[in-house]
Amino acid sequence: MLNKWKRLNFPGKFPFLASLSSLIVSKSSVSVAAKIEYEPTTCKTTAVNPNPRDPVNEILLGFRSLGFRRFIGGHYFRSIISMLNHAQVDRIIDYLRVEDAESAVDFFNLLKDEFGFRHSRGSRFLVSHVLAKERRLRELHLILKQLLQDEGSGSAPSLCEFLLDSFRDWDSNGVVLDMLALAYSKSEMVYDALFVLAMMKDLNLQSSIQTYNSLLYNLRHNDIMWDVYNEIKVSGTPQSEHTDSILTNGLCCQSRVQDAVSFLRNTEGKVFGSSVVSFNTIMSKYCKLGLADVAKSIFCLMIKYGLHPDVYSYNILIHGLCVAGSMEEALEFKDDMEKHGIGPDIVTYNILCKGFHLLGLMSGAWKVIQNMLLKGVNPNLVTYTILICGHCQTGNIDEGLKLGREMLSRGFQLSIISYSVLISCLCKSGQVDKGLELFHEMEANGLKADLITYSILIHGLCKQGEVQRAMQLYNEMCSKSISPNSFAHGAFLLGFREKGMISDARMYLDAVTMSNLTQDIVLYNIMIGSYVKFDDIEEAVRLYEQIIRHGITPTVVTFNSLIYGFCRTGRVAEARRWMDTIKSYGLEPTAITYTTLMNAYSEEGNMDTVLALLQEMEEKVIRPTHVTYTVVIKGLCKQGKLHESVQLLEDMHGKGITPDQITYNTIIQCFCKVKDMRKAFELVDEMSLHNLEPTPATYNVLLNGLCVFGDLKGADGLLISLQERNIKLTKVAYTTLIKAHCVKGDASRAGVLFREMVEKGFEISIRDYSAVINRLSKRGLITETKFFLSMMLCDGVSPDQEIGEVLLNAFHQGGDTNSVLELLGQMIKLGLLGD
DNA sequence: TTAGGGTTAG
């Protein structure tokens with residue numbers, strides 16, 4: 001069977017060496033050393049060594065007179081060594097091989113390691129035979145591995161030919177050829193390996209099961225795996241304990257899990273059949289397919305076969321359950337393993353930790369850590385990385401970075417993954433430049449950025465619209481031979497979208513897809529989302545129709561975007577119909593689909609439908625997210641149904657769905673509107689109890705509430721206290737209070753706050769001045785209006801037509817003719833009275 | 001044979 005590979009895979013001429021004679025390797029076991037005599041060397045002599053004698057003879061004489069070790073340690077040897085050519089080295093090694101095999105190997109290594117000498121095939125095989133004879137297989141493998149690195153793929157015919165010509169009857173041929181096949185296999189040159197095996201078969205030489213196993217493994221994605229397996233059986237090579245698990249793994253790789261199970265059933269009773277590893281492999285595959293239940297039944301089957309699940313079995317299953325969100329069951333299995341005397345290890349704890357993190361339940365993750373510490377298991381790099389992820393996910397970047405520093409202080413060398421998590425956090429919070437700093441720190445620490453690290457940064461830059469800088473990074477990545485995938489392309493699409501360059505985005509998409517680089521649906525989804533964002537629902541639908549025509553399968557995200565588009569443009573009924581289209585593709589609407597629709601209905605004031613959809617989600621076991629609840633709460637708030645809103649907030653906590661700051665801000669705003677400031681502040685306290693820091697928006701809502709309620713003193717007091725506590729505020733906090741003071745006519749307090757706002761470094765536009773000037777002038781406060789006007793001019797802001805007209809009107813009404821004339825002059829100068 | 005990092009939609 002294997003013979004077919006000789007013919008099929010090496011068509012045409014083999015790259016045989018033109019002349020083997022240039023490599024002086026004895027073809028028989030008669031030693032070259034026997035022929036050594038004094039003769040003039042063919043090697044060109046140099047000025048350094050005017051002695052025309054053959055260096056081979058010099059060296060051999062040296063060995064004889066001083067002994068090998070003493071001679072190679074001397075200066076004379078080192079001066080003569082650089083003159084040797086391949087043929088001469090071959091002769092020396094062959095001589096040593098006969099006299100003292102150990103010296104032959106030492107000499108070979110000395111030349112290679114200390115002098116960087118690249119040995120000939122002949123030398124390498126000579127030493128290989130020495131090592132094979134002594135069963136020094138590890139060293140033998142190393143030599144062959146290096147040989148194959150030099151020779152490359154497709155070299156098997158030539159190397160076999162050479163071996164047979166030069167070493168035909170040597171004792172260790174079988175071992176050397178077998179190791180050659182193994183080296184080919186491990187270097188992923190499987191067809192060369194198959195060629196060597198075929199050659200061995202011709203010569204009646206038996207391959208080892210290790211070589212067969214390695215080949216089986218490397219052919220796991222391919223049906224040829226079965227040819228090799230049959231060959232093992234036909235040749236009568238005894239299988240090892242790994243053989244069946246490698247085959248099982250192969251079947252799993254080929255997505256033939258059912259066949260893998262049947263295969264295992266058939267091997268039951270065999271010496272090495274049905275190993276725990278094989279079962280684990282199958283469980284792992286089922287878990288990866290999202291079928292944790294099936295994995296569980298395999299687990300039971302394993303026990304039925306009398307096998308004892310090991311720590312891997314449990315970890316694989318617990319992982320599958322965690323990913324499926326079944327934390328309770330996962331924890332039960334953890335208890336079960338303890339009961340069976342298998343201690344959960346660091347991997348088990350990390351899996352559980354990640355499981356809680358996936359559900360956004362970091363408190364659960366912390367409990368796992370406590371439990372782990374109690375059991376005397378210390379967190380490792382992976383544990384820390386999961387925790388950093390957790391912090392970052394809840395927006396707690398500083399805590400995440402603190403943990404990163406803690407890792408360093410505990411002597412952990414941050415891995416590329418840990419760095420990537422931190423960089424990702426920084427990018428997500430808009431601190432891309434800090435992310436880049438960390439990236440450089442990482443590289444300075446000797447870690448090489450990979451595709452994901454680059455993708456995170458490219459994405460971060462694009463999201464900020466910095467397409468140019470992203471492109472530089474992209475080029476840097478490509479120059480390091482890291483091939484981008486569609487992720488990077490997606491980032492550029494987002495970058496264009498961010499800058500509103502929709503047609504550029506489309507050109508980019510067309511370029512990427514038409515050059516057949518990728519047909520990734522995610523890219524189309526981003527493009528559809530971009531059209532939707534700019535309210536071009538028609539173009540979004542056209543693109544959708546195009547991908548359908550091209551046979552690309554949409555995802556639920558495709559539909560969610562379209563539904564969002566219809567909702568945004570007020571076409572809620574059509575949006576609803578698209579939900580049925582989702583089902584026609586065998587897809588299921590997600591919480592986002594529902595939330596999008598619910599938000600639209602809520603905006604229409606149709607809370608009945610909103611609540612009906614919430615009910616439908618429950619029936620279909622589609623878990624609402626905190627956003628879903630926030631949408632419902634917002635709708636209820638708008639209708640003044642405060643009690644229901646508070647009730648829903650409590651329901652969320654009960655269901656383990658953590659409200660976020662927006663949820664609280666929504667409901668707090670609602671209480672502010674009905675002037676229930678006491679309840680509003682109570683809710684702020686409640687946020688803190690749930691470890692939610694109020695956001696700048698929370699304070700804006702509260703300040704606005706106090707202002708509207710007429711408690712301007714209270715609002716001022718709150719602002720001062722926030723400033724004293726160095727709490728981050730936005731411009732809105734200031735404009736809210738400035739507005740309130742203007743309305744009340746307290747222009748001086750408004751002025752003070754305005755100065756503070758400017759000094760805080762917020763970007764101030766002409767609209768901020770005009771908001772104040774409008775209000776003051778409306779109240780006829782001419783002096784105060786003029787004060788703000790001069791402030792504006794001092795700040796280097798020129799009036800525009802709109803503000804000019806407001807001022808003219810105010811001065812005119814106040815009978816301030818001088819000011820009217822002065823302003824008119826100014827406006828003419830500025831060209832604001834052109835029309 | 002098990003654990004940690006990147007995309008789209010509300």
Side-chain angles (χ1 to χ4, degrees), chain A residues 242 245-246 248-249 252 275-285 287-288 310-320 322-323 344-355 357 379-390 392 415-425 427-428 450-460 462-463 485-494 497 520-530 532-533 555-565 567-568 590-600 624-628 630-631 662:
Chain A
H242 301 300
S245 46
I246 293 170
T248 314
N249 181 29
C252 288
S275 69
V276 175
V277 177
S278 304
F279 278 98
N280 291 349
T281 307
I282 290 175
M283 287 204 306
S284 171
K285 182 67 187 179
C287 286
K288 278 177 191 146
D310 61 7
V311 66
Y312 286 90
S313 323
Y314 276 103
N315 285 346
I316 290 166
L317 191 55
I318 291 172
H319 184 232
C322 283
V323 170
D345 62 3
I346 181 70
V347 178
T348 324
Y349 288 111
N350 285 341
I351 290 168
L352 289 167
C353 204
K354 167 83 177 177
H357 163 240
N380 66 5
L381 193 61
V382 177
T383 325
Y384 272 102
T385 311
I386 298 168
L387 291 176
I388 292 176
C389 264
C392 294
S415 69
I416 186 165
I417 296 182
S418 325
Y419 269 111
S420 298
V421 170
L422 289 169
I423 293 171
S424 165
C425 286
C427 287
K428 275 185 183 151
D450 65 3
L451 176 64
I452 296 183
T453 327
Y454 273 110
S455 299
I456 291 167
L457 284 164
I458 290 172
H459 192 259
C462 283
K463 201 107 199 225
N485 56 14
S486 66
F487 188 97
H489 299 307
F492 284 113
L493 289 181
L494 288 168
R497 172 210 283 194
D520 194 335
I521 182 66
V522 171
L523 298 184
Y524 289 104
N525 286 348
I526 294 173
M527 195 67 235
I528 289 175
S530 304
V532 162
K533 195 180 172 190
T555 65
V556 73
V557 175
T558 322
F559 294 108
N560 286 350
S561 294
L562 289 170
I563 288 172
Y564 178 53
C567 287
R568 273 172 70 101
T590 62
I592 294 179
T593 324
Y594 277 96
T595 308
T596 309
L597 271 171
M598 285 158 83
N599 189 49
T625 68
H626 64 284
V627 185
T628 317
T630 307
V631 164
I662 300 177

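Source: prediction; values computed, not measured. Residue numbering restarts at 1 for every chain, and letters A, B, ... go by the order of the sequence lines. In what follows, every heavy atom counts, from backbone to side chain, and hydrogens, waters and symmetry copies are set aside.
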Quiz item: Do the side-chain N or O atoms of A/Arg568 get closer than 4.0 angstrom to the phosphate oxygens (OP1, OP2) of B/dA9?
Solution: no
Which residues pass the side-chain hydrogen bond (donor to acceptor under 3.5 Å, both in side chains) test with [X], not counting sequence neighbours?
X        : result
A/Asp520 : A/Ser486
A/Tyr454 : A/Glu476, A/Lys480
A/Asn485 : none
A/Thr590 : A/Asn560, A/Thr593

Practice problem: Indicate, with a heavy-atom threshold strictly under 4.0 Å, whether A/Thr628 touches base, sugar-phosphate, or nothing. | Solution: base
Self-check item: Listed partners of A/Thr558 passing side chain to side chain contact (heavy atoms under 4.5 Å, CB included), at least two apart
Solution: A/Ile521, A/Asn525, A/Ile528, A/Tyr544, A/Ile547, A/Pro554, A/Thr555
Practice problem: Go along nucleotides 1-7 of chain B 5' to 3' and tag each nucleotide: B for a protein heavy atom under 4.0 Å from its base, S when only backbone or sugar atoms are that close, - otherwise. | Solution: BBBBBBB
